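Structure record follows, encoded as structure tokens.
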Amino acid sequence: MSSYSRRGYARRRRRRKAKTKRFTRGMRITLFAFFVIFLFAFIGLVYRIYRINKNDGDRYKKAALSQQSYTNTVLNYQRGAIKDRNSTTLAVSVRKYNLVLEPRTLLTNAAEKVATVDAISEYFSIEKQQLEEAIEKNPKSMYVRLDNLKELASDRVEGFQKKMKENKLIHGVWFEETYTRNYPLKTVACNLIGFLSSENKGTYGVEESYNDELCGTTGREYGYFDSNMNLQRTIKEAKDGNSVVLTIDANVQQIIERQIADFQKNGTGAKRVAVMMMNPKNGEILAMASDSTFDLNQPRDLSSMYTEAQIQAMSDKEKNTNLMAMWSNFCIGSAYEPGSTYKPFTFAAALDENLVSANSTFNCKGVRKVADREIHCSNRSGHGVLDLRHSLMESCNSALMEIGLKLGRGKFSKYNKLYGFGQRTGVDLPGETSGLIHTKEELNPVELATSSFGQTQTVTMVQMLSGFCSLVNGGNYYQPHIVKEIQNSKGDVVETVDSVVVKKTTSEDTSKSLRSYLKSTVEDGTAKPAKVKGYSIGGKTGTAEKRPVSKKKYLVSFIGCTPAEDPEVAIYVIVDEPHVKDQAHSTYATEFANQILKKVLPFLGQYASK
């Protein structure tokens, strides 16, 4: 390379180095300037935040808090009461309180937590460890309930609230209002009142059938901080449920239940005893009871029906079966063959069809040949010749079979349905059954004969008494009902349950004749033990042979009314399988009816004549 070339290369190299040095120095200056600017900006931002926090921090904090919900609490309604016709309380919801802990609040201040836990533990006699565990396990929660601090009485709560005022360190605890169902008369009318399930829904009885009326509407309480850090509350009030007033008289109901209990414990006793009473003039049920009883406040306690040894021997399935049997209402949910208490219905049908009259006679020889069967009368020696009145008074099966034959399968079937048999009455209680009756085609000669005096068909007590009331009140079949009126939480009547005439079952003339015949049956016939001194009573006995007949088991009964000339009270008594060897005697039912009527009629405004 020439000296000229070498000098040129060196100059170019020096120029490149100088250029690189200038670029590097420029970058350093730029980066330094950027850093200085960033540093001043950061210092300015920090200063700005400091100024905002100092001058406006409280305002922004309040604004943020105002957007946060403080509380969101359900306000429980009070379930409506159930009362009898005289306003005696049968079921009521009592205000109670649940203690609620706020772990999140308690964990923010150790002194307050200690003071609160100590106060709760001491006042309510609860272990501190249990409270500590509840708090530690739910550190972010504002709502923790303990099972043994639920449903507290108001006086206990008021005492602790006083303690809270005295000790300002007690925080993070409050009381939630709730209600518990209470049945002041315990077992009285248990099968028709019903009770509440664990979900607070009506189960059985009026509690179930009128659940929608008794239930109210829950309310809600919201709490939040406004922009001035003041706690604001918005409350949507709960609406309490309506109360239900029943047609029953609690005094009458209680007397009947005591009579049943005494009959079972100290008297004859029976597999089942049941009694119903009704007002024939409007269908109001005045009483409805059986030997199946339990404490409504402890509905799952079987001890009222079984011994402790029996309960211990039961499997879970058996316990459930026995509970359902104990809760069920025999008067509307069980069907049976009625026996001779059915005879007034056959009489009424034949009288309305002009197939018999007061002058009709029947020759009872003690047995009647029907198809290939011999069907006996209750008097196997025969009653001889009887007129219509004495056929009922003596409860003559032979006369009834002849009347049934006159009616024939067509007319008998028509009236059977007209009187309400084989169908639900529509009584305002759950669990009603319909029983089983023969269709027209099934009423062959034997079935027609036996059905005429109350065998081979099944009925319910509410069917029998409702139909019987129509026979003695002039022919008006009233819808049987247990509720008289609905009241709001203030006690104002919002609905009256009017009496409803569903149909006409018989003529006034037939009804008048039957009332006379039924009175004679009590005065001088088979129902004589039901007679009560000073009262005009009409009625009919029943002795139904149960299936299989080889076991010789009987259901005996009495159905009647008073005053016989213009009935205002009707009664139906069933004694199923009396605890005696010879069960086929209706006197067990008529004598029991006598004891009940003597005690309850004055409570129903019926007084003995002098």
Side-chain angles (χ1 to χ4, degrees), residues 90-91 147-148 150-151 180-209 211 253-254 256-276 288-337 429-433 435 458 460-462 546-548 550-556 574-581 583 588:
L90 303 173
D147 288 340
N148 50 352
K150 291 168 62 177
E151 298 181 3
T180 59
R181 202 64 164 168
N182 180 259
Y183 301 90
L185 299 185
K186 297 182 179 179
T187 61
V188 175
C190 57
N191 299 111
L192 67 88
I193 292 175
F195 51 92
L196 298 189
S197 68
S198 56
E199 292 79 28
N200 285 322
K201 291 185 178 179
T203 303
Y204 291 89
V206 173
E207 292 277 30
E208 180 178 332
S209 57
N211 188 65
Q253 181 78 23
Q254 196 164 25
I256 291 173
E257 289 180 5
R258 286 174 179 169
Q259 289 295 118
I260 291 174
D262 184 66
F263 180 87
Q264 292 290 67
K265 185 177 180 180
N266 304 315
T268 304
K271 178 181 178 181
R272 177 56 55 88
V273 180
V275 178
M276 265 193 77
M288 181 183 282
S290 73
D291 60 296
S292 178
T293 60
F294 59 95
D295 187 342
L296 287 165
N297 297 298
Q298 298 177 314
R300 302 193 70 83
D301 183 359
L302 286 162
S303 61
S304 63
M305 299 294 292
Y306 302 93
T307 65
E308 186 60 33
Q310 289 173 322
I311 295 172
Q312 291 297 326
M314 294 177 191
S315 65
D316 289 342
K317 184 177 180 180
E318 288 172 332
K319 285 182 180 179
N320 288 332
T321 299
N322 290 331
L323 280 171
M324 287 187 283
M326 182 176 73
W327 296 334
S328 65
N329 188 336
F330 179 87
C331 299
I332 65 171
S334 297
Y336 52 88
E337 294 184 24
L429 287 170
E432 183 182 12
T433 190
T458 62
T460 65
M461 289 188 75
V462 69
K546 300 178 69 173
R547 313 295 174 193
S550 59
K551 290 191 175 182
K552 299 296 180 182
K553 300 291 186 182
Y554 290 84
L555 182 149
V556 296
I574 280 181
V575 178
D576 185 12
E577 296 186 24
H579 290 162
V580 292
K581 186 175 181 180
Q583 298 180 357
Y588 298 116

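All values below come from the heavy atoms of this structure, side chains included, with hydrogens, waters and symmetry mates left out. Note that the structure is predicted; figures quoted are calculated from it, not measured.
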If you compare all heavy atoms of [X] against all heavy atoms of [Y], which two are closest, and at what distance to 0.1 Å?
X	Y	answer
C190	S292	SG-O, 4.1 Å
C331	A274	SG-CB, 4.4 Å
S328	N191	O-ND2, 3.1 Å
Q264	A270	OE1-N, 2.7 Å
I574	M461	CD1-CG, 3.6 Å

Please examine the side chains of [Y] and [X], heavy atoms only from C-beta on, and report whether any two atoms are closer than 4.5 Å.
X	Y	value
V580	Q583	yes
M324	Y204	yes
V556	V575	yes
R181	L296	no
D576	L555	yes
E337	R547	yes
V462	E432	yes
S303	Q298	no

Can you tell me how far the [atom1] atom of [X] sits from the [atom2] atom of [Y], to the nearest 0.5 Å?
X	Y	atom1	atom2	result
K552	K546	NZ	NZ	15.0 Å
I260	E257	CD1	CD	7.0 Å
T293	W327	OG1	CH2	14.5 Å
I193	L185	CD1	CG	7.5 Å
M314	I311	CE	CD1	6.0 Å

Closer than 3.5 angstrom, by distance alone: can the side chain of [X] be matched with the main-chain N or O of [Y] as a donor-acceptor pair?
X	Y	answer
D291	V273	yes
Q253	M288	yes
S197	T203	no

More than 12 heavy atoms of other residues, nucleotides or ligands under 6.0 Å from [atom1] of [X]: yes or no?
X	atom1	answer
N266	CG	yes
R300	CZ	no
K319	NZ	yes

(request) Evaluate the side-chain contact (heavy atoms from CB on, under 4.5 Å) criterion for residues T433 and T460: first the C-alpha distance (whole Å), next the side-chain angles of each, then the deciding distance (0.1 Å), finally the verdict. (result) CA-CA 7 Å; T433 190; T460 65; 3.5 Å; yes

(request) Could you label the plane-to-plane angle of the F195 and F294 rings as parallel, tilted or perpendicular, counting under 30° as parallel and over 60° as perpendicular? (result)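 Taking F294 first and then F195, their aromatic rings stand perpendicular (interplane angle over 60°).
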
(message) Please evaluate residues E207 and Y183 with respect to the criterion side-chain contact (heavy atoms from CB on, under 4.5 Å), reporting the C-alpha separation (whole Å), side-chain torsions for both, the decisive distance (0.1 Å), and the verdict.
(response) CA-CA 12 Å; E207 292 277 30; Y183 301 90; 2.7 Å; yes

